[in-house]
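Below is one structure, written out as structure tokens; comments come after it.
Since the structure is predicted, the reported quantities are computational estimates derived from the model, not experimental observations.
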Amino acid sequence: MMGNAFAEIPELMKAGTTAAQWEQVRRPELFGLFQEHVFGRNPVGRPEGLRFEALGEPVKMLDGKAIRKRVRIHYEGPGGKGQFDVSAFIPQSAKKVPAFLLVCFCPPEELFNPERDQDKSEHLRLPAEAFAARGYAVVAFSREDVTPDKKTGFTTPPHAIFTPNPEARTPTSWGTIAAWAWGASRVMDWIETEPLLDTQRVAMVGHSRCGKTALWCGANDPRIALTVSNNSGCGGAKLNRMDLPKSEHIAQITKNFSYWFCDNFMKYADNEDALPVDMHQLLALMAPRLVYVSSAEDDLWAGPEGEFESCKLASPAWALYGKKGLVGDAFPATGKPLHEGCIGYHIRSGKHDMTPYDWERFMDFADKHGWKQ
């Protein structure tokens, strides 16, 4: 599958860079470039007045093997007040349990319910029984509850609360992906208050546009111990400068979804070589924490080869800490995951989707790196 031509790839770091230089100089420089040219700059971190409201009592699931909690997150700012809901599926355990924090495509209450009705989301079929058996919690929220997946979302929370005048937006104002990632960090704020969850072992997970969101959240929030990007493609894990004619490129994604990014990103439509960063550098921002990228064999639009190549090119950032990034130079066979290093990767058969197979591999990777109960 490999053998595609590359344009000149921006350097990750200069030879001889130390971990201290990476943290103090190069990483902040790269992070700032992604803010300025790709995702935009958040006007706020944790807002004052952030509070959490329990929505009813915990509900038992799976014959008492797990519970479901529902929470409403409230926040406020110069433009008013906002809120969104979270559902947490937590297996019963004598110890605090690790959690997967999922930004999803449907209302979170539809993912887990006591009757175990069929998940209504075509993209996110969650194997609840497997999570419970393996000792992992899932904390889920809908991207649409944070801000609508449309350009008019800039007139709704949280944009309208922290940037009250949409006309005052600048070329570096935060886009919708940045707002979704901001929402994920507010969920992380709640996780830190939940005594049943292990705050040191939280994985941020997303599929497709939500996979892009997971990566930007992982870059922003050092509390995320593992960042999982599934089929994230252009604007996510896929290299922009790799010649993959059947994959999505900046011109296409900005034509259809310009609001996901800051306005500056549109300057690089059919002009990828001028973008001062590429996506291996986004993955590297997570070092020395864990990262997982997954692809699908039939999902050429997401550019599996470009997602894999980003993992390879990001790996030197982990070497600064005496760790291995991706272990394996050759593009792996379908269904043969690479789990030995701090960067994990797999490609499975099938289409653009997130399946139980993917979830099992994410849990395998977490197990491999010491998360198993």
Residues [X], [Y]: salt bridge by 4.0 Å N-O rule:
X	Y	result
D221	R186	no
E129	K65	no
D364	R134	yes

Should [X] and [Y] count as side-chain neighbours, where that means a heavy-atom distance under 4.5 Å?
X	Y	result
D278	E8	no
K324	W318	no
T213	R209	no
E307	M279	no
F154	S173	no
M266	F261	no
P10	V277	no
V139	L197	yes

Practice item. Name all residues meeting the side chain to side chain donor-acceptor pair (under 3.5 Å) criterion together with Q24; count only those two or more places apart in sequence or in a different chain, and write none if there are none. Key: none
Study note, to complete from the structure: With sequence neighbours left out, the residues meeting side chain to side chain donor-acceptor pair (under 3.5 Å) with K69 are E194
Would you find a donor on one side and an acceptor on the other, under 3.5 Å apart, between the side chain of [X] and the backbone of [Y]?
X	Y	result
E53	H74	no
R26	L12	yes
R27	L285	yes
R70	P108	no
N220	C217	no
K238	E248	yes
S232	A237	yes
R169	T172	no
E36	L33	no
S315	L326	yes

Check for me, please, whether [X] and [Y] land in the same ILVMFWY cluster - side-chain distances under 4.5 Å, paths through other members count.
X	Y	value
L50	W190	yes
I191	V97	yes
F6	L244	yes
L196	F52	yes

Check your understanding: By side-chain contact (heavy atoms from CB on, under 4.5 Å), which residues pair with A319, not counting sequence neighbours?
Key -> none
Practice item. Using ring pair (Phe, Tyr, Trp, His ring centres under 6.0 Å) as the criterion, point out the one residue from F31, W174, W180 that pairs with W216. Key: F31
Taking the inter-plane angle between the rings of [X] and [Y] on a 0 to 90° scale, is it parallel (under 30°), tilted (30 to 60°) or perpendicular (over 60°)?
X	Y	answer
F131	W359	perpendicular
W260	F257	parallel
F308	Y345	perpendicular
Y136	F100	tilted
F141	F84	tilted

Study note, to complete from the structure: Contacts satisfying salt bridge (Lys or Arg N to Asp or Glu O under 4.0 Å) that involve residues 281-294 (not counting sequence neighbours) are none
Point to revise | D358 CG to Y292 OH distance, which is reported to the nearest 0.5 Å | key: 8.0 Å
Check your understanding: Is the NZ or CZ atom of R361 positioned over F365's six-membered ring, under 6.0 angstrom from the centre and within 45° of the axis?
Key -> no
Exercise for review: Work out which heavy atom in V202 is nearest to a heavy atom in T199; give both atom names and the distance.
Suggested key: CG2-O, 3.9 Å
Check your understanding: Which heavy atom of P158 sits nearest a heavy atom of A179, and at what distance?
Key -> CG-CB, 4.1 Å
Looking at the rings of [X] and [Y], which for Trp means the six-membered one, are their centres under 6.0 Å apart?
X	Y	value
H369	H339	no
Y321	W22	no
W182	Y75	yes

Check your understanding: Which pairs pass side chain to side chain donor-acceptor pair (under 3.5 Å) with one or both residues in residues 263-275, sequence neighbours excluded?
Key -> H37-Y268
Check your understanding: Is there a donor-acceptor contact under 3.5 Å linking the side chains of D149 and Y259?
Key -> yes
Point to revise | Set of salt bridge (charged side-chain N to carboxylate O under 4.0 Å, His left out) partners for R51, sequence neighbours left out | key: none
**Study point:** Atom CG of N256: over 12 foreign heavy atoms under 6.0 Å
**Key:** yes
